[in-house]
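Down below is the structure, laid out as structure tokens.
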Amino acid sequence: MTVAAITARARGAGRRLPSGSMSPSIRIGYQLSGNEEENPTAAAQRAEQLGFDVVTVSDHVGPGLSPMPTLGAMAAATETIRLGTMVLNNDMRNPVQLAWESATLDHLSSGRFELGLGAGHTPQEYDQTGIPLTEPAMRKARLAESVEIIRRLLDGETVAVDGEHYSIDGASIERAVQSRLPILVGGNGRRLLAHAGAHADIVGLQGLHRTLEDGHRHTVKWSADHVTDQIAQVREGAGDRIDAVEFSALVQVGAITDDRRSALRALCDRVAGLTPADAAVTPYALVGTVDEIVEHLHACRDRWGISYFVVRELDAFAPVLEALRSG
């Protein structure tokens, strides 16, 4: 049975622990599929029942539900599961407005919200909204400036900024419930990852590379060396605060199977340039028996510090949930 996600459970905020202490607990988030037939509040309740740590929604303008109101409904329908965005397009939102909405969701959920942000990439969304699609470097620079503004607002500061991309005079909101509402930054590139290391609470890796002509799909970079390089870029930016940074991976492929070797070979046939050695260790593809998948999750955490995996299937891997929870 092939699915797009692996599930597991580890309660708590999932922060990385200081050097020399125990390894961080593994967190598993469920990302809604975006299927029009999926009831988001029912899905959030089911994820909570199964023991997911986080339920997240994506952000693509067009058919489907808008993420922030959807999360508000989820907050009212659940009690313990954390709620997040994976990830919002920064270009589509003013940072003051977004900080206000994020703090509001944190209040409505009694301190369970996690804000995920990215630089944006899908041309159709820019065409539909009339927002200019600038070069990646410009979008990433706007994201960096926005993250710093939002952080200060969520922490209760009054913000005045005359920056390269945003000019704000005396903005303030009611601060979030959490002492530090987590901000996740997802994306690629040395500057983005270094800035995320310096300012974000969670850095989201997804193994995606060049955007294809359809503006939505991507080529992928799943080699172990590339993951190691990205972790190093985050560490470079984080410096002494690295133990406060949580690493996340968006799982792209998963399969529960008794023949892991054949499944990995088939994956290599589908993914250009992927070698069997890299397929066996990448955090973006989890295949094998339940025990092999659990072992792989721990191996990714021990090798790279990745302790938060975001997946796209609710029920298929309940056995993995149980195995990871009882380990």
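We count residues from 1, following the sequence as given. Just the heavy atoms: all of them, side chains too, but no hydrogens, waters or symmetry mates, feed the values below.
- Using a 4.5 Å cut-off on side-chain heavy atoms (C-beta onward), M68 and T85 make contact.
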Worked verdict on R325 versus E322 for salt bridge (Lys or Arg N to Asp or Glu O under 4.0 Å): CA-CA 5 Å; R325 186 184 305 149; E322 291 298 322; 2.6 Å; yes
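- For the residue pair D169/S167, the side-chain donor-acceptor check at 3.5 Å is not satisfied.
- Looking at R142 and T134, their side chains do bring a donor and an acceptor atom within 3.5 Å of each other.
- In this structure, H60 and H121 have perpendicular ring planes: the angle between them is above 60°, well past the 30° mark.
- Here the side chains of R112 and V177 are not in contact, with every heavy-atom distance at 4.5 Å or above.
- With salt bridges taken as basic N to acidic carboxylate O contacts below 4.0 Å, one links E246 and R27.
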For a salt bridge (Lys or Arg N to Asp or Glu O under 4.0 Å) check, start with the C-alpha distance between R190 and D229, then their side-chain angles and the critical distance, and finish with the verdict. CA-CA 9 Å; R190 181 174 297 276; D229 287 345; over 6 Å; no
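- Between the side chains of T78 and Q45, no donor-acceptor pair of N or O atoms lies under 3.5 Å.
- Here the side chains of R260 and T289 are not in contact, with every heavy-atom distance at 4.5 Å or above.
- A salt bridge links R93 to D59: at least one charged side-chain nitrogen sits closer than 4.0 Å to a carboxylate oxygen.
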Starting from the C-alpha separation in whole Å, work towards a yes-or-no answer on side-chain contact (heavy atoms from CB on, under 4.5 Å) for D201 and V185. CA-CA 8 Å; D201 303 279; V185 171; over 6 Å; no
